[in-house]
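See below for the structure under consideration.
Chain letters run A, B, ... following the sequence lines, proteins first, then strands; residues in each count from 1.
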2 protein chains.
Amino acid sequence: MKLSSEQIKQKLKDAGLRVTPQRHAILEAVYTLGNHPSAEQVIDFIRVRYPGIATGTVYNVLDVMVESGLVKRVKTDKDAMRYDAIMNRHHHIYCAESDRIEDYFDEELDELLQAYFRKKKLQDFKIEDIILQIKGNFNDNSE
Amino acid sequence: MKLSSEQIKQKLKDAGLRVTPQRHAILEAVYTLGNHPSAEQVIDFIRVRYPGIATGTVYNVLDVMVESGLVKRVKTDKDAMRYDAIMNRHHHIYCAESDRIEDYFDEELDELLQAYFRKKKLQDFKIEDIILQIKGNFNDNSE
DNA sequence: TTCTTAGATAAGAATGATTCCTATATAAGA
DNA sequence: TCTTATATAGGAATCATTCTTATCTAAGAA
Ligand SMILES: [Mn+2]
Ligand SMILES: [Mn+2]
Ligand SMILES: [Zn+2]
Ligand SMILES: [Zn+2]
């Protein structure tokens, strides 16, 4: 997804965060890259135009954005964390033989799940979020 | 879950793996520890009785066991990988404020999901596994 | 506008989980 | 018992992430 500079700034403000060039660049990168970039991908993307940004800053800012609800972490089998700027409810399709992670949106499924867990209460647990990990293989082998 | 020495040996053989004391100890550890231990927990557990085991061996063997379908990796927000010896279909309840990960078994839910995805085919994707990440908070704060 | 300062960043060292390397050991079939 | 493909020990190396500290700056106050 592509956001205007103004939209990015507004998102930072709405989250109660100071607007800095670094934060602006990082949030823009996560949106522009799409498909759940790693911190390293964010860094590489930003350094083209903004070579000075410190590695640690990117990690710090991504953490802050996760805490503020601007991005989400995407769990992985691998060592590197992945990030997601799409905050709408959706699920993830993991390719078994590559690092590809695709989004899966499906309101009907979400309603099904919500209805199910409204009925079948988990005792002693307050559900905040339910995300499906759908694992398998893409028939075509493209990206 | 507790397995006899014979059961462990048999599982290794069935998976086509050579039976070594290290592999025996590691598989036993993952079963005995339960609750999705990290490699470090496995190492600590084993070293009590078997101090000589090498760190790298544990990582190697865990990888081999994942490839052989003896254990599964459990995805996490954190840096350390977690492992699961329970190969029956089940889902995971993640505590938002600790590293606690509980199992969630529910055949009714599994049938619901299966039926759903049988109907709503994902194009160009062959589903191998669907696992729910249920995130939230435990009311009681115990382990 | 200028001042103030809590909070943010740069730079690079440190950490910690995991992987790699290679000499040695061993499971298990012949 | 022999053989050898495979596994392990031991320790160095890697690499994602975190930490530390000096410096800088966003943004509210004056
Ligand atoms: Mn790490
Ligand atoms: Mn790591
Ligand atoms: Zn996503
Ligand atoms: Zn489990």
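Sorted by first and then second residue, the ring pair (Phe, Tyr, Trp, His ring centres under 6.0 Å) pairs involving residues 52-101 of chain B (not counting sequence neighbours) are His36(B)-His92(B), His90(B)-His92(B), His90(B)-Phe105(B).
In this structure, NZ of Lys9(A) is placed 11 Å from P of dA26(D), rounded to the nearest angstrom. If you take NZ of Lys78(A) and P of dT17(D), they are 13 Å apart, rounded to a whole angstrom. Spacing between atom CG of Asp63(B) and atom C1' of dC20(C) amounts to 13 Å, rounded to whole angstrom units. For the pair Glu40(B) CD and dT15(C) C1', the interatomic distance rounds to 13 Å; values are reported in whole Å. At whole-Å resolution of the value, CG in Leu62(B) and P in dT8(D) are 11 Å apart. Distance CG (Asp44(B)) to C1' (dG16(C)): 14 Å, rounded to an integer number of Å. Whole-Å rounding puts the Ile26(B) CD1 to dT18(C) C1' distance at 14 Å. Rounded to whole Å, the distance from CG on Asp79(A) to P on dT15(C) is 18 Å.
For dT18(C), the OP1/OP2 oxygens have a side-chain nitrogen or oxygen of Tyr59(B) closer than 4.0 Å.
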Could you walk me through whether Glu111(B) and Arg118(B) satisfy the salt bridge (charged side-chain N to carboxylate O under 4.0 Å, His left out) test, starting with their C-alpha distance in whole Å, then the side-chain angles of each, then the deciding distance to 0.1 Å, before giving a yes or no? CA-CA 10 Å; Glu111(B) 278 158 29; Arg118(B) 218 172 6 242; over 6 Å; no

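The aromatic rings of Phe117(A) and Tyr104(B) lie tilted to each other, with the angle between the two planes from 30° to 60°.
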Scan nucleotides 3-10 of chain C nucleotide by nucleotide, 5' to 3', and note B when protein non-hydrogen atoms come under 4.0 Å of the base, S if they reach only the sugar-phosphate, - if neither. ---BBSSB

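Inspection of the Arg47(B) and Thr55(B) side chains reveals an N or O donor paired with an N or O acceptor under 3.5 Å. Residues Arg23(B) and Thr57(B) have side chains that never bring a donor and an acceptor to within less than 3.5 angstrom of each other.
In this structure, Lys9(B) does not pair ionically with Asp14(B), as no charged nitrogen and carboxylate oxygen lie closer than 4.0 Å.
The side chain of Val19(A) sits closest to dA27(D) out of dA27(D), dA16(D), dA17(C).
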